[in-house]
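Values below: all heavy atoms of this structure, side chains included; hydrogens, waters and symmetry mates excluded. To find a chain, count down the sequence lines: A is the first, B the second, and so on, and within it residues start at 1.
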Amino acid sequence: MILKLPKKSKDDVVNIVLDTISMKKQALVFVASKISAESTAELIAKSLQSNEELNEISEKILHALPKPTSQCEKLAKCIKQGVAFHHSGLVAEQRELIEDSFRTNLVKIICCTPTLAYGLDLPAFRTVIKTMKRFGNHGMQYIPVLEYQQMAGRSGRPKYDSYGEAIIISNPEDKEYLIENYIQGESENIYSKLAVEPVLRTYVLSLIASNFVSTKENLLEFFKKTFWAYQFEDMGKIEYLLDSVLGLLEGFGFIDIKEEGIFHSADEEISFKATELGQRVAQLYIDPLTADKLIKAMNIADEKETTDFSYLQLISATLELRPLFRTGKKDYEDIQEKFLSEEQNLVDEIPNSYDYEYDDFLNSVKTADVFERWINETDEETLFAKYSVRPGELKAKLNYADWLFYCIEELSKILSLKKVLKESTRLRIRLEYGVKEELLALLAVKHIGRMRARTLYTNGIKTLNDLRKADLAKLEKLIGKQTALKVKSQFEGKEEKTELNLNDY
DNA sequence: GGACGGTGAAACTTCAGGTTGCCTC
DNA sequence: GAAGTTTCACCGTCC
């Protein structure tokens, strides 16, 4: 089908999008990077009128964080014209606002990275794919057919339209290739991910810990029925892989293996049972390799002088936290310096600077550095401007960090590592709120978070007692009338005991 | 004559994403 | 590979 478009702009995407809007329809524009999502949205917004109905949503988006960042401002401005960008750098609340207002047909166009390619049911009539290439391990590469199909499948959802259109933007010379491979081509085969090492380790341990399997025969029997075995066929190789996982888990002290029966005979039966530690690791649902890494480092940390950074770097070096924040050209020297200044405090293994792992290690230092700045109350805008970490990406990483610190707490209880337990508990709270140690007391009060606690503290209200004694008028001035009342009420009557005996920091 | 500022071209950098645990106003 | 960002040379203006 030939699409005739008025050439209102030099840019093809803008023309398609304007045409879509003139049909009273909506479109999703898929692009290859976050920056591109933003600039494309801004470019489209220039060609559109602002709509007053969107002011409220724009305001909400602007104030999704305690203090608007430049990203918030950019998005809020685009939204007024009915255009949004959508990627992992946005905070969940902003993403939901965009999705909801797209559903109610207020936002007409969303420029997005593949965040929106999977699972969402949105009323897009058109999907526009700005480029079919994306940066990969070997330079720019064509995306998988499956991914193209996912993106194309976002348009013309049954609930909203009887059909949809997917439009690929390309150079004339690539046209043949794209039609042949994507539109007429077949999608790639799907392969089982069960054999991926972290997955295999986690599942074998959890099968044993939950007593689902207790002998090697059971275990083989179980895996024989999986899609992995069906696809892989070679049971000998599978048995070999499982054996090595079992050996690893035993070495970690997460399972006990018993061999019974006539020695070296075919009747020999191998049975296993999870240890107490193994049980807990399975419940915590982390990669056993990570658990082992944490435990080893925790034992070191319990014995020596540690800093916040010791722990922050440790969790940043786990598989769970990947992909890490990357050390760019801009901050390479700072990160290197940070590493040298904290080197003696680290509890993680340090690779040689000529090892191939070294880059990754530096990234763990960068990630830990960002965490450390966060708990020292650096605001989101600074983290973005100086370290290229967007609010949404930070939130996502903090969520994993919280989980890992929870694991450290639980494991240190079992291992009776009191020092580690105490330090990790505090760090976990500081990460959650993004505050310095001195604000912890005030955070025990409801309706007091990062910003308000800091305001109170700098104005001389530093403890719960200060807060209790504080003059209501002064409080109102600092944190607003409503909040001040809510805070004060927590010090009255019976609420006092239940709410405020939490922490005596 | 020198400092400053604006401009544009060249050089340089960087580049998607998500599930698991637990709890709670 | 493409696009955003930084750097730098060049030129004009002002003091």
Side-chain angles (χ1 to χ4, degrees), chain A residues 11 13 30-40 42-43 74 85-90 92 95 111-120 129-144 146-148 150-151 169-171 173-174 193 196 198-199 201-203 205-206 280-288 290-291 294 315 318-332 385 387-390 392-393 395-397 399-411 425 428-429 432 443-449 483 486-487 489-490 495 498-499 502:
Chain A
D11 190 281
V13 174
F30 285 97
V31 299
S33 68
K34 293 193 266 283
I35 285 191
S36 176
E38 294 175 14
S39 60
T40 308
E42 284 182 305
L43 185 68
K74 204 189 265 190
F85 54 85
H86 190 289
H87 54 56
S88 66
L90 303 185
R95 282 193 255 181
C111 301
C112 56
T113 56
T115 17
L116 282 185
Y118 300 92
L120 275 169
I129 302 165
K130 201 176 170 187
T131 166
M132 292 291 270
K133 285 182 180 168
R134 196 152 43 234
F135 187 83
N137 292 331
H138 311 285
M140 291 304 274
Q141 290 170 307
Y142 277 110
I143 60 169
L146 265 174
E147 199 178 313
Y148 160 72
Q150 280 296 334
M151 295 193 284
I169 312 276
S170 89
N171 295 326
E173 58 266 30
D174 297 336
K193 287 264 192 298
V196 178
V199 179
R201 289 192 290 256
T202 308
Y203 278 96
L205 179 60
S206 106
R280 200 69 190 101
V281 170
Q283 284 167 0
L284 292 168
Y285 214 76
I286 41 172
D287 182 351
T290 297
L294 294 180
I315 60 151
T318 62
L319 286 178
E320 278 80 355
L321 226 79
R322 289 182 193 201
L324 298 170
F325 297 140
R326 292 185 43 214
T327 311
K329 263 261 154 35
K330 200 169 62 170
D331 44 26
Y332 186 87
Y387 304 93
S388 315
V389 174
R390 289 161 202 266
E393 297 165 308
K395 280 265 161 71
K397 286 280 177 280
N399 192 33
Y400 284 102
D402 181 60
W403 170 30
L404 286 164
F405 269 110
Y406 175 73
C407 293
I408 291 178
E409 282 176 36
E410 292 303 302
L411 293 172
T425 305
R428 189 168 167 227
I429 303 175
E432 184 185 347
L443 289 172
V445 182
K446 274 190 234 167
H447 308 293
I448 301 236
T483 331
K486 283 181 197 160
V487 167
S489 75
Q490 290 173 60
E495 255 194 298
T498 50
E499 302 295 343
L502 287 165

Which whole-number value in Å describes the distance from [X] [atom1] to [N] [atom2]?
X	N	atom1	atom2	answer
A:Q150	B:dG17	CD	P	16 Å
A:K130	B:dC15	NZ	C1'	14 Å
A:R201	B:dT20	CZ	C1'	15 Å
A:N399	B:dC23	CG	P	15 Å
A:E432	B:dT24	CD	P	12 Å
A:K133	B:dA16	NZ	P	17 Å
A:Y142	B:dA16	OH	C1'	19 Å
A:F135	B:dG17	CZ	C1'	16 Å

Regarding [X], tell me which of base, sugar-phosphate or nothing describes its non-hydrogen contacts under 4.0 Å with the strands shown.
X	result
A:D287	nothing
A:E410	nothing
A:R428	base
A:G136	nothing
A:E393	nothing
A:S39	sugar-phosphate
A:R390	nothing
A:H87	sugar-phosphate

For this session: Take A:K329 and A:H86, find for each the nucleotide of DNA chain B with the closest heavy atom, and name the residue whose nucleotide sits nearer the 5' end.
Result: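 Nearest nucleotide further toward 5': that of A:K329.
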Problem set entry | 5' precedence on DNA chain B between A:T115 and A:M140 (nearest-nucleotide basis) | A:M140
Exercise. Is it true that atom OH of A:Y203 has more than 12 heavy atoms of other residues, nucleotides or ligands lying nearer than 6.0 Å?
Worked result: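 No, not enclosed.
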Seminar exercise, completed: Any strand, both distances under 3.5 Å, Watson-Crick or G-U wobble: B:dA16 pairs with none
Problem set entry | A:S88 side-chain N/O to B:dA16 phosphate OP1/OP2 under 4.0 Å |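 It does not, given that no N or O in the side chain of A:S88 lies less than 4.0 Å from OP1 or OP2 of B:dA16.
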For this session: Give a yes/no on whether any side-chain N or O of A:K34 is located under 4.0 angstrom from OP1 or OP2 of B:dG17.
Result: yes
Exercise. Checking A:D11 side chain against A:V13 main chain: does a donor-acceptor pair fall under 3.5 Å?
Worked result: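 Such a contact is found between A:D11 side chain and A:V13 backbone.
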Exercise. Hey, is the main chain of A:R390 close enough, under 3.5 Å, to the side chain of A:K395 for a donor-acceptor pair?
Worked result: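 Flag not set: sc A:K395 to bb A:R390 has no pair under 3.5 Å.
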Please tell me which of the listed nucleotides, [options], lies nearest to the side chain of [X]?
X	options	value
A:W403	B:dT13, B:dG17, B:dT20	B:dT20
A:P114	B:dA16, B:dG21, B:dC15	B:dA16
A:T113	B:dA16, B:dC15, B:dT13	B:dA16

Output the distance between atom [atom1] ([X]) and atom [atom2] ([Y]), rounded to the nearest 0.5 Å.
X	Y	atom1	atom2	answer
A:R428	A:L404	CZ	CG	10.5 Å
A:K130	A:I169	NZ	CD1	8.5 Å
A:T113	A:E38	OG1	CD	10.0 Å
A:E393	A:Y387	CD	OH	16.0 Å

Exercise. Looking at A:V31 and A:S36, what are the two nearest heavy atoms and their distance?
Worked result: CB-OG, 3.5 Å
Exercise. What is the minimum heavy-atom distance between A:F85 and A:L90, and which atoms define it?
Worked result: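 Shortest heavy-atom contact: O-CD1, 3.3 Å.
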Seminar exercise, completed: Note: for A:K330 and A:S36 on DNA chain C, the residue whose nearest nucleotide lies more 5' is A:S36
For this session: Could you list where the contact with chain A starts and ends along DNA chain C, reading 5' to 3', using a 4.0 Å heavy-atom cut-off?
Result: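 In short, chain A contacts DNA chain C from C:dG1 to C:dG4.
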For this session: Determine if A:Y285 stacks with B:dT20; use a centre-to-centre distance below 5.5 Å and an interplanar angle below 30° as the criteria.
Result: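 Aromatic stack with B:dT20 absent for A:Y285.
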